[in-house]
Protein chains: 2
Amino acid sequence: MLSKRSQYALKALSYLTEKYKEGPVLISEIARKKKIPLKFLENILLELKLIGILDSKKGKGGGYFLIKPPSKVRVADIIRKVNGPIAMLPCVSLYFYERCKNCDEKHCALHDIMIEVRDATLNILEKRTLVDLAAMP
Amino acid sequence: MLSKRSQYALKALSYLTEKYKEGPVLISEIARKKKIPLKFLENILLELKLIGILDSKKGKGGGYFLIKPPSKVRVADIIRKVNGPIAMLPCVSLYFYERCKNCDEKHCALHDIMIEVRDATLNILEKRTLVDLAAMP
DNA sequence: CACTACCCTACCAACCGGGTAGAGTTGCTT
DNA sequence: AAGCAACTCTACCCGGTTGGTAGGGTAGTG
C-alpha cells in the first residue's frame with residue numbers, strides 16, 4: 001500500500017493539474033476539496049516543492065503551483081520520490097536496489113517472481129503522467 | 001515494499017517447502033540458513049501457525065512444518081495475511097476495501113490506474129504457489 | 001532429563017500520521 | 001510609509017507501528 005502521505009500527494013497533484021492554468025492555489029483550498037488534513041498537507045506540499053515538482057508564492061494571491069507541464073510528470077516518479085521503492089523487495093528495485101543477504105539472486109525463485117511483478121507495475125505507472133490523473137469526465 | 005516481516009515469512013516458507021518431506025524443521029536452522037534474526041523469526045512462525053499455514057511440534061525432533069502441500073498455498077494469500085493489502089490504494093483493494101472520502105470512484109482517474117496495477121500484480125501472484133518459491137536449480 | 005516450541009517482559013531507535021503554535025514574507029490599502 | 005491580512009514556512013509534540021535485541025520462564029515430548 002501507498003502511505004497516506006503518498007496518497008494525499010497524488011490527490012493534491014491531481015487537483016493542481018486541474019487548476020494548472022489558474023495560477024497559485026491555496027493550501028486550504030486543496031485541503032478542503034480533497035479532504036486532506038491541512039497541516040499534514042502543508043508538510044507534503046513543502047516536500048513536493050523541495051523535490052522539484054511544485055513551486056510556491058507567499059503572501060496574498062499566493063499558493064502552490066506545478067513547476068512543469070503536467071504531461072512531463074510521470075506517476076511512477078512521484079511515487080518513487082514520495083513513497084520510495086515501487087518493487088516489493090529491495091533486491092528487485094531499480095532505483096533503490098539492495099543486495100539480498102540470504103539468497104543467491106541467480107537461483108532465487110522469489111526474486112524472479114518479484115521482478116515479474118515489478119515490470120508489470122512499471123509498465124503501467126511509467127506510461128502515466130499527471131494529465132492522466134486529472135482526466136475527469 | 002513488503003515489510004521485513006513479510007520478506008522473512010516468504011523466505012522461511014520457501015525453506016520449509018524445500019524440506020517438506022523431511023519432517024519438522026528447527027527455528028534455529030531456518031534462522032541460520034536464511035539469515036533471519038532468531039527471536040523475530042520465532043514470532044513470525046508463530047503467526048504463520050495461527051494463520052493456518054504451519055503447524056509445530058515440541059520436544060526432540062520437533063520444529064515447524066507446512067500443514068498443506070506447497071502447491072495449495074498461493075503467494076498472494078500469504079502476502080495478504082502477513083503484509084496486508086496488495087493494492088496500492090484502499091479503494092481498489094479486493095480484500096481490504098475502504099471507500100474513498102475525497103473522490104468519486106466513478107470519475108477518479110487515479111482509481112482507474114491503480115485498478116490496472118492491482119490486476120497486473122494479482123495476475124502474477126495468484127498463479128504462484130510455494131512450489132514456485134522453492135524451485136531451485 | 002534433555003530438547004524444543006511457546007510466551008512474556010523490557011528496551012531501543014526510527015518512522016508514520018497526524019496536531020498545535022507561531023514566526024516570516026508578501027501584497028493591498030490607506 | 002505603515003499596517004494589516006493573507007499566506008507560507010518552521011518547529012516541536014504526540015501516540016502508534018516497525019524492526020529489532022535480550023533475557024527468562026513454562027510446558028510438551030522423545
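A, B, ... follow the sequence lines: proteins, then strands. Residue 1 opens every chain. On a predicted model such as this, the values are computed, not experimentally measured, just so you know.
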So which nucleotide from [options] ends up closest to the side chain of [X]?
X: A:E42; options: D:dC9, D:dG19, C:dG18; result: D:dC9
X: A:L46; options: C:dG17, C:dA5, D:dT10; result: D:dT10
X: A:K57; options: C:dA5, D:dG20, C:dG27; result: C:dG27

Item to check | Short side-chain N/O contact to D:dC9 OP1/OP2 from A:S56, under 4.0 Å | outcome: yes
To the nearest Å, how far apart are [X] [atom1] and [N] [atom2]?
X: A:L50; N: D:dC9; atom1: CG; atom2: P; answer: 9 Å
X: A:F65; N: D:dC7; atom1: CZ; atom2: P; answer: 14 Å
X: B:F40; N: D:dA22; atom1: CZ; atom2: P; answer: 15 Å
X: A:I44; N: D:dT8; atom1: CD1; atom2: P; answer: 14 Å
X: B:I27; N: C:dC7; atom1: CD1; atom2: P; answer: 11 Å
X: B:Y8; N: D:dT18; atom1: OH; atom2: P; answer: 15 Å
X: A:L2; N: C:dC16; atom1: CG; atom2: C1'; answer: 14 Å
X: A:K39; N: C:dT20; atom1: NZ; atom2: C1'; answer: 8 Å

Test item: [X] and [Y] side chains (from C-beta on) under 4.5 Å apart, heavy atoms:
X: B:L66; Y: B:P70; result: yes
X: A:T129; Y: A:V75; result: no
X: A:L13; Y: A:V73; result: no

Checklist entry - Mind checking whether A:L110 and A:I115 sit in one hydrophobic cluster, side chains of I, L, V, M, F, W, Y counted as touching below 4.5 Å? => result yes
Item to check | Comparing A:K4 and A:G59 on DNA chain C - which has the more 5′ nearest nucleotide | outcome: A:K4
Checklist entry - Does the pair B:R32/B:E29 count as a salt bridge with the N-to-O cut at 4.0 Å? => result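 Salt bridge flag = no for B:E29 with B:R32.
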Checklist entry - Across the strands shown, which category fits B:L45 at heavy-atom distances under 4.0 angstrom: base, sugar-phosphate, nothing? => result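 Result for B:L45 = nothing.
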Next on the checklist: Between A:G62 and A:N43, which residue's closest nucleotide on DNA chain D lies nearer the 5′ terminus?
Outcome noted: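 Result of the comparison: A:G62.
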